[in-house]
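Take this structure first; my questions come after.
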Protein chains: 2
Amino acid sequence: MANPAPPTTYQGSGKLRPEELIYREMLGAILDRRLEPGMKLIEEDLAKTFSVSRARIRATFLQLAHDKLINLVPNRGAFIAEPTINEAIEVFSARRMIEDGVVRKIATHMTPDRASQIRDHLEREHQAHHDGDHRAAIILSGEFHLLLARLAGNLVIEEFLERLILRSSLIIAMYESPQPVDCSHSEHETLLNALLGGDPDVAAAEMAKHLDAIRNRLQLHHPKPAKTDFASIFGRTPKSAAS
Amino acid sequence: MANPAPPTTYQGSGKLRPEELIYREMLGAILDRRLEPGMKLIEEDLAKTFSVSRARIRATFLQLAHDKLINLVPNRGAFIAEPTINEAIEVFSARRMIEDGVVRKIATHMTPDRASQIRDHLEREHQAHHDGDHRAAIILSGEFHLLLARLAGNLVIEEFLERLILRSSLIIAMYESPQPVDCSHSEHETLLNALLGGDPDVAAAEMAKHLDAIRNRLQLHHPKPAKTDFASIFGRTPKSAAS
DNA sequence: GCATGCAAAATTGTTAACAATCATTGTTTT
DNA sequence: AAAACAATGATTGTTAACAATTTTGCATGC
């Protein structure tokens with residue numbers, strides 16, 4: 001009894017809730033490395049910064065933690081995630097698995113409309129490269145993969161891959177080589193050609209090659225110190241420092 | 001500066017936080033259909049039921065919403081999710097994609113230890129069937145797929161599939177045929193044999209067949225009314241009723 | 001000098017009260 | 001009678017204060 005009303009509609013349809021806004025704001029800061037891995041996030045400071053209540057910051061933390069972008073430890077607070085090497089490997093391995101299915105589906109169901117959507121995106125990537133807009137290039141590079149997922153026509157996969165791509169971005173930010181990573185925009189063109197070929201095996205192989213290439217560009221050996229590591233800053237080895 | 005301490009450890013290691021407990025409690029109620037799709041969840045009632053603050057219920061809602069088990073609509077509250085037919089199709093399609101990769105990996109990397117783990121699980125499924133413990137059988141059936149994901153050795157995939165399986169369970173609860181669904185425990189044995197065969201293509205095909213079989217056992221046409229539908233209860237069609 | 005223990009400050013976790021919003025019921029108007 | 005309108009009650013959203021915990025700084029003793 002007392003079963004009042006059906007929910008009817010979906011939640012966040014039109015306008016952006018402030019909660020979502022803060023999420024994206026922090027996300028951007030993380031990917032820009034203005035917030036470095038391991039850094040502590042103090043609720044009250046953030047609340048004042050964004051002019052919202054602490055409760056909302058708390059809710060945002062839960063979202064970020066669910067996406068593995070921060071670590072939430074009880075009674076201690078929130079910290080920017082520090083993906084381990086093993087985690088990095090697993091994320092890219094997972095993407096290989098997922099995107100394998102994605103490109104296979106697209107390759108066997110290519111249409112002129114889809115092809116032009118991909119081409120349009122590549123054009124934007126090319127433009128960003130030409131303009132030297134490194135940040136935009138990185139973002140567009142991630143969105144390329146997201147576009148493919150969308151074209152595969154499965155919202156579940158699309159949402160999952162979106163989170164994986166965000167995680168990948170954090171990993172890339174944490175492990176990228178000193179010289180800026182080539183955003184592999186030319187590899188995306190190669191991929192489009194493979195997709196147009198229509199052979200799912202070829203397309204899948206190309207995607208696997210691409211993801212491996214991204215991973216291999218990382219320096220998955222010594223993560224950048226990130227946190228205030230005075231030993232490396234001052235070039236001497238501490239006698240009994242932490243860890 | 002002021003970058004005090006690294007997070008060091010992972011969050012929920014040993015003991016179960018009350019938050020997690022409430023999540024599982026509600027989850028069980030949803031899968032048991034004690035909480036029916038579309039039903040409204042009132043914060044204060046739940047808070048009193050579990051003897052916690054409303055804030056914690058709120059946090060739990062966020063988790064459940066992230067896993068698509070409830071819908072959160074602003075200013076209106078939380079409702080048990082009512083997966084649409086299209087959503088159901090996409091969830092199973094996504095599982096096909098993921099589990100394709102999973103069984104391929106297992107088939108090509110089978111070891112005696114892994115095989116015996118699977119056999120042990122099948123034994124438990126068999127036991128549940130024999131005991132007529134329907135609820136246990138359903139849970140074990142889901143955990144079979146989760147075990148395969150674990151054996152594939154990728155935590156990212158494992159966690160994602162866990163959520164997908166929970167969603168599947170809600171879908172099954174919502175769309176299952178009047179007579180209880182055969183939990184396909186024999187199909188799992190067929191799958192094990194395919195995995196032991198070592199041919200990834202055969203194993204993948206068997207998994208696809210299995211997932212399709214589950215989906216086909218559903219009645220993806222008329223979702224059970226669930227909510228208080230007086231029109232159907234009293235057997236007459238309202239003149240200008242909703243929808 | 002280094003470790004240990006204690007006190008103060010900072011931070012998170014929790015609770016309770018208040019404000020805003022929505023659903024329902026009852027009333028009025030056309 | 002049907003639709004628009006208004007008042008009530010229930011429920012969510014927000015804020016602020018308080019309690020519990022952790023971290024930090026400092027003093028003490030070895």
Side-chain angles (χ1 to χ4, degrees), chain A residues 1-23 38-65 70-80 227-228 238-243, chain B residues 1-9 11-23 38-65 70-80 227-228 230 238-243:
Chain A
M1 54 294 280
N3 202 0
T8 56
T9 65
Y10 178 68
Q11 50 190 59
S13 49
K15 50 196 169 188
L16 209 59
R17 298 194 308 284
E19 206 167 349
E20 184 72 14
L21 193 88
I22 297 171
Y23 180 99
M39 190 177 269
K40 183 163 183 359
L41 302 173
I42 293 168
E43 295 181 357
E44 201 168 347
D45 292 358
L46 287 169
K48 270 185 279 195
T49 300
F50 292 112
S51 306
V52 298
S53 68
R54 238 181 74 206
R56 187 155 307 191
I57 295 293
R58 222 145 215 278
T60 305
F61 278 179
L62 251 59
Q63 299 282 346
L64 288 165
I70 68 174
N71 282 337
L72 232 42
V73 352
N75 286 323
R76 298 252 338 254
F79 304 82
I80 304 293
K227 38 197 165 180
T228 49
K239 284 192 291 195
S240 66
S243 157
Chain B
M1 48 293 292
N3 200 0
T8 57
T9 65
Q11 50 191 56
S13 49
K15 50 196 168 187
L16 210 58
R17 297 193 310 284
E19 206 168 348
E20 184 71 15
L21 194 89
I22 297 172
Y23 180 99
M39 189 177 269
K40 182 161 179 8
L41 302 173
I42 292 168
E43 295 181 356
E44 200 167 349
D45 292 358
L46 287 168
K48 271 187 279 196
T49 300
F50 291 112
S51 306
V52 297
S53 68
R54 236 181 75 204
R56 189 156 306 198
I57 295 292
R58 223 146 213 278
T60 305
F61 278 179
L62 250 59
Q63 300 282 346
L64 288 165
I70 68 174
N71 283 336
L72 233 41
V73 353
N75 286 324
R76 297 249 345 248
F79 303 83
I80 304 292
K227 41 198 163 179
T228 51
F230 293 116
K239 283 191 291 192
S240 66
S243 152

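Please read all numbers here as calculations on a predicted model, not as lab measurements. Protein chains get the first letters and strands the later ones, always in sequence-line order, with residue 1 at the start of each.
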Heavy-atom side-chain proximity of A/L46 to A/F61 below 4.5 angstrom: yes
Contacts of A/T49 that satisfy side chain to side chain contact (heavy atoms under 4.5 Å, CB included) - sequence neighbours left out: none
Qualifying salt bridge (charged side-chain N to carboxylate O under 4.0 Å, His left out) pairs with a residue from residues 44-55 of chain B, counting only residues at least two apart or across chains: B/E43-B/R54
Contact summary for B/I70 and B/A78, nearest pair of heavy atoms: CD1-CB, 4.0 Å
Where B/L72 and B/A65 come nearest, the two heavy atoms and their spacing: CD2-CB, 3.9 Å
C/dT14 phosphate, OP1 or OP2, under 4.0 Å from B/S53 side-chain N/O: no
Protein-nucleotides 9-13 of chain D N/O pairs under 3.5 Å:
| unit_1 | atom_1 | unit_2 | atom_2 | d |
| --- | --- | --- | --- | --- |
| D/dT12 | OP1 | B/K40 | NZ | 3.1 |
| D/dT12 | OP1 | B/L41 | O | 3.4 |
| D/dT12 | OP2 | B/E43 | N | 3.4 |
| D/dG13 | OP1 | B/N75 | N | 3.0 |
| D/dG13 | OP2 | B/R58 | NH2 | 2.0 |
| D/dG13 | O5' | B/R58 | NH2 | 3.1 |
| D/dG13 | N7 | B/R54 | NH2 | 2.6 |
| D/dG13 | O6 | B/R54 | NH1 | 3.3 |

